[in-house]
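Here's the structure, in structure tokens; my notes come after.
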Amino acid sequence: MEAFQLLSRGGIKFDKNRFKEDVRLFTKDSKKASKGKQVARKDSGELPAELDFFKYAQGGAFSKRKADGTGDGETHDDKRRRLGGDEESEDESDAGSSSGQPMPRHRVTAKGSNVPEHAESFEALKERYQLSSHILANLSSNGFKHPTGIQSHGIPILLEGRDLAAISPTGTGKTLAYTIPILQCLGAPVASAKSAAGTGVRAVILAPTKELAHQIHNEFLRMAEGRKWRIVLFSKATAATLTDKNARDKVDIIVSTPLRLVASLQNGTLELSNVRQLVLDEADRLLDAEFLSQVQEIVAACSHTSIQKAVFSATFPAGAEKLAMEMLRDPIRIVVGLKDTPLPLIAQSLTYVSDESSKLPTLLTYLSQPYNPPVVIFVSSQPRATSLAEELIINGVPNVDCLHAGLTKKEREDAVARMRKGESWVMISTEVMARGMDFKGVREVINYDFPTSVQSYIHRIGRTGRAGREGKAVTYFTNEDAPFLKPIANVILQSGSSVPEWIRKLPKPSKMKRRAMGKVQRGDFVDKARKIGRGDVIKKRDMIAGSKRRKEKAERARAEMRGPGADGDRGMEVD
DNA sequence: AAAAAAC
């Protein structure tokens with residue numbers, strides 16, 4: 001293990017300038033990706049208007065890159081005409097999108113009473129809602145020029161104090177859509193706050209992983225820069241500083257994972273009775289069985305009568321959405337694009353690898369050819385993440401990294417930091433990375449292990465293709481995965497990539513298998529949640545037993561990964 | 001079916 005850490009960190013030093021030059025090495029694959037998309041467009045014939053971005057992508061992104069502007073403006077206008085009245089402006093630009101690629105345009109649908117009109121620009125928000133010039137300045141200095149769809153529609157709703165259920169694809173700027181209204185409301189305290197503007201925590205943001213909470217916290221800090229709000233990333237350490245009520249009263253915003261917050265509520269070191277804004281990010285995840293009771297406890301603790309709640313996600317299975325709608329008051333529901341559909345900017349494909357032992361050789365072959373780093377590789381368990389990383393390092397793959405929740409806090413933070421600095425070329429991770437994490441440079445996602453739900457698939461591949469960039473997503477499947485192939489294939493087809501005919505013709509999976517894919521019935525959803533009481537805390541001896549089990553599992557995973565026929569099938573691309 | 005989430 002130590003040797004692995006040394007190897008994975010030592011490796012070849014990676015400096016950014018060199019990287020820029022190396023990029024030329026990898027153009028082969030990016031051409032392949034775009035070719036794949038053209039094929040997909042041909043194959044799938046007529047696409048729904050909101051999905052037909054290919055023309056746009058070619059006219060916009062490509063022509064700019066090739067310094068050949070022909071047809072660019074025309075494509076844009078053409079698009080506008082075709083989409084007609086429902087379509088809303090949505091060019092995203094952010095600090096990272098220096099390539100100048102505009103975001104594709106999506107259809108936006110809003111349901112609810114008295115839906116406020118969307119805002120075409122951040123300046124319009126200033127005119128209509130007196131958005132503070134301080135926030136505007138921070139937007140501009142961070143490179144945010146135009147609101148994305150979810151921002152132009154969601155921000156007015158939140159600024160008017162309405163509850164919101166927002167569904168918008170991965171990488172379309174959901175975080176900023178609630179960051180701005182929350183900061184704005186802090187700046188102009190609601191009338192009922194009376195004497196005390198500083199009466200403790202007034203906004204809570206929940207996220208399912210520490211990494212995501214950290215990232216959200218950073219986004220708040222960026223937008224709040226220059227103001228002296230106290231925005232706290234809740235952790236063991238920060239919670240300990242808040243045992244004193246005076247310290248607590250100075251906190252304005254808390255970003256946290258659910259269990260951490262519940263722990264503080266239960267030991268009485270936290271008050272949430274003055275919380276005016278509560279956001280559930282990755283809400284469908286937070287409302288699934290494992291988190292639901294914790295989240296409900298937090299919601300109950302936010303006892304102020306004028307609390308505003310908002311839920312955000314790229315996916316929302318019916319059961320989770322029902323639960324969400326039940327906890328919102330007179331909500332407005334916004335959907336950007338099509339629910340549960342990845343961005344067409346992500347070129348998706350399936351690769352048949354017959355069995356477990358064929359995966360590693362297939363991946364090694366792939367990584368021995370020019371590819372586009374950084375690549376994120378998803379596996380199904382912590383031991384598999386560790387052992388795959390070891391195997392890649394043993395096989396001489398440079399700059400391999402690994403992130404899962406079995407690592408220490410510091411190891412996790414370091415892995416994220418290396419990813420942000422561009423030092424990781426190959427990042428192997430579990431579901432912990434699947435949601436929300438915004439690494440702007442990710443060019444490719446490989447599902448080394450088949451995702452266990454369509455939601456997981458959508459979020460995993462959403463690590464690439466962010467903020468208007470193109471991305472590539474490859475999913476390995478074995479014979480054993482075949483029964484679960486159809487729902488994923490449907491998602492791929494719906495978002496405009498192509499799927500081989502034999503997969504398209506697979507029968508629908510049985511009810512039992514569908515459930516395994518995450519389409520849990522509402523009844524199951526609630527029953528499961530009830531069984532997990534709020535006092536159902538992990539006991540220390542369980543954790544010790546767990547860690548022992550993990551070690552044994554890692555051993556088994558290593559053996560399995562090398563496999564009996566590690567030099568067998570190379571796997572083949574079915575495209 | 002496994003992951004994640006406190007101290």
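Side chains are part of it too, since the values below use all heavy atoms of this structure and drop only hydrogens, waters and symmetry mates. Each chain gets a letter, A, B and so on, in the order the sequences are listed, and its residues count up from 1.
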>> So, under a plain 3.5 Å distance rule, would you say the side chain of A:T452 forms a donor-acceptor pair with the base of B:dA1?
In response: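 Indeed there is one.
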
> Ignoring hydrogens and angles, does a donor from either the side chain of A:Q382 or the base of B:dA2 sit under 3.5 Å from an acceptor on the other?
Replying inline: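 Checked by distance alone, the answer is no.
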
Length of the [atom1]-[atom2] vector between [X] and [N], whole Å:
X	N	atom1	atom2	value
A:L270	B:dC7	CG	P	13 Å
A:H214	B:dA5	NE2	P	13 Å
A:R384	B:dA1	CZ	P	15 Å
A:H404	B:dA2	NE2	P	16 Å
A:Q294	B:dA5	CD	P	11 Å
A:R260	B:dA4	CZ	C1'	16 Å
A:K236	B:dC7	NZ	P	6 Å
A:F291	B:dA5	CZ	P	7 Å

> Is A:P258 touching bases, backbone alone, or none of the nucleic acid, heavy atoms closer than 4.0 Å?
Replying inline: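 The answer is nothing, as A:P258 stays clear of every strand by at least 4.0 Å.
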
> Which part of the nucleic acid, if any, lies within contact of A:S235, taking any heavy atom under 4.0 Å across all strands shown: a base, the sugar-phosphate backbone alone, or nothing?
Replying inline: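 Result for A:S235 = sugar-phosphate.
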
> When you check the side-chain N and O atoms of A:N274 and A:R276, is any donor under 3.5 Å from an acceptor?
Replying inline: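 A pair is found: one side chain offers a donor N or O, the other an acceptor, under 3.5 Å apart.
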
> Which residues satisfy the side-chain contact (heavy atoms from CB on, under 4.5 Å) test with A:Q215, sequence neighbours excluded?
Replying inline: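 For A:Q215, the residues satisfying side-chain contact (heavy atoms from CB on, under 4.5 Å) (neighbours in sequence not counted) are A:L212, A:R420, A:M437, A:D438.
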
Phosphate contact ([N] OP1 or OP2) by [X] side-chain N/O below 4.0 Å:
X	N	value
A:S381	B:dA3	yes
A:S453	B:dA1	no
A:R412	B:dA5	yes

> Do A:K359 and A:Y448 meet the cation-pi criteria used here (NZ or CZ under 6.0 Å from the six-membered ring centre, within 45° of the axis)?
Replying inline: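 So A:K359 does make the cation-pi contact.
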
>> Under the rule for side chain to side chain donor-acceptor pair (under 3.5 Å), what residues qualify as partners of A:N479, not counting sequence neighbours?
In response: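 For A:N479 the side chain to side chain donor-acceptor pair (under 3.5 Å) partners, ignoring immediate neighbours, are A:Y352.
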
> Is the distance between the ring centroids of A:F450 and A:Y476 under 6.0 Å?
Replying inline: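 Centroid separation for A:F450 and A:Y476: 6.0 Å or greater.
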
